[in-house]
Amino acid sequence: MRKPCCDKQDTNKGAWSKQEDQKLIDYIQKHGEGNWRLLPKGAGLLRCGKSCRLRWMNYLRPDLKRGNFGEDEEDLIIKLHALLGNRWSLIAGRLPGRTDNEVKNYWNSHLSKKLKSKGIHHPHKPDRPRQRSIDHQPVRSHDTRVNTSQILPDLNLNLSLSNPVEERLDQLQ
DNA sequence: AAAAGGTCCAACCGCGGCGAG
DNA sequence: ACTCGCCGCGGTTGGACCTTT
């Protein structure tokens, strides 16, 4: 049995208040990102480190682009999803100012339905229960190989087996 | 006007990889 | 070589808000 990531009885949960946001922003501006486990104490927050990290990454970061996705972004997400599957962090990495959570939400609420209504089949179903298989490898920065059987044929890209994902992603842009 | 149903998104949960010791 | 804690990821949920009836 894995230990909980933090002492649950001493942490707040749920929506963040303005004061909490400000504490987090102030702390990160002073000390930078990282050390998420120690951050709550340093910042005077009754939150677990994970929660702080998520709040910063998905909402408070100054470089985030808020608002609707443009048509070009939408198009890119569709292509990247065809190429990478549900590897949202990789996809988000190609969309400046967008977070993996935002891309994932947008996909689940808009794009999957849109494609379905157009009769476009997408092979990447959510795994439930969560399971990592050979063609669903964890995403790491060095993990740049992709199973090309997942790639839609109409992408019209030069996708050889030895082509790293980064190269192929560059071709999309 | 209000109840019911649908949608969206912020946040949580649990898993697995990585790296320090 | 192995253990263990931290971090990042993807899946899921809860509830606020919107739309329809």
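Just so it is clear, the model here is predicted, and its values are computed rather than measured. Lettering of chains follows the sequences in order, A, B, ..., and the numbering in each one begins at 1.
In this structure, CH2 of A:Trp88 is placed 11 Å from C1' of C:dG11, rounded to the nearest angstrom. A:Lys104 has its NZ atom 10 Å from the C1' atom of B:dA11, to the nearest Å. Residue A:Leu54 contributes atom CG, which lies 16 Å from atom C1' of C:dC6 at whole-angstrom precision. Atom CH2 in A:Trp56 sits roughly 21 Å away from atom C1' in B:dC12 (whole-Å rounding). In this structure, CG of A:Leu38 is placed 12 Å from C1' of C:dG5, rounded to the nearest angstrom. One can place CD1 of A:Ile91 at 19 Å from P of C:dG8, the figure rounded to the nearest angstrom. The nearest whole Å value for the distance from the NZ atom in A:Lys50 to the P atom in B:dG16 is 13 Å. The CZ atom of A:Arg55 sits 18 Å away from the P atom of C:dG8 (whole-angstrom rounding).
A donor-acceptor pair shorter than 3.5 Å cannot be found between the side chains of A:His110 and A:Asn105.
Taking a cutoff of 4.0 Å between a charged side-chain nitrogen and a carboxylate oxygen, A:Asp75 and A:Lys79 qualify as a salt bridge.
OP1 or OP2 of C:dG8 has at least one side-chain nitrogen or oxygen of A:Trp36 nearer than 4.0 Å. Residue A:Arg53 places at least one side-chain N or O under 4.0 Å from the OP1 or OP2 atom of C:dC9.
For the pair A:Asn58 and A:Arg66, the tightest heavy-atom approach, listed with the atom from each and the gap, is O-NH1, 3.4 Å. Of all non-hydrogen atoms in A:Pro40 and A:Cys48, the two that sit nearest each other are CG-C, 3.9 Å.
Summarising the local packing, CG of A:Asp72 is surrounded by more than 12 heavy atoms from other residues, nucleotides or ligands at distances under 6.0 Å.
Taking 3.5 Å as the limit, the base of B:dA11 and the side chain of A:Asn101 contain a donor-acceptor pair of atoms between them.
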**Q.** Reading 5' to 3' through nucleotides 4-9 of chain B, protein heavy-atom contacts under 4.0 Å coded B for base, S for sugar-phosphate only, - for none
**A.** ----SB

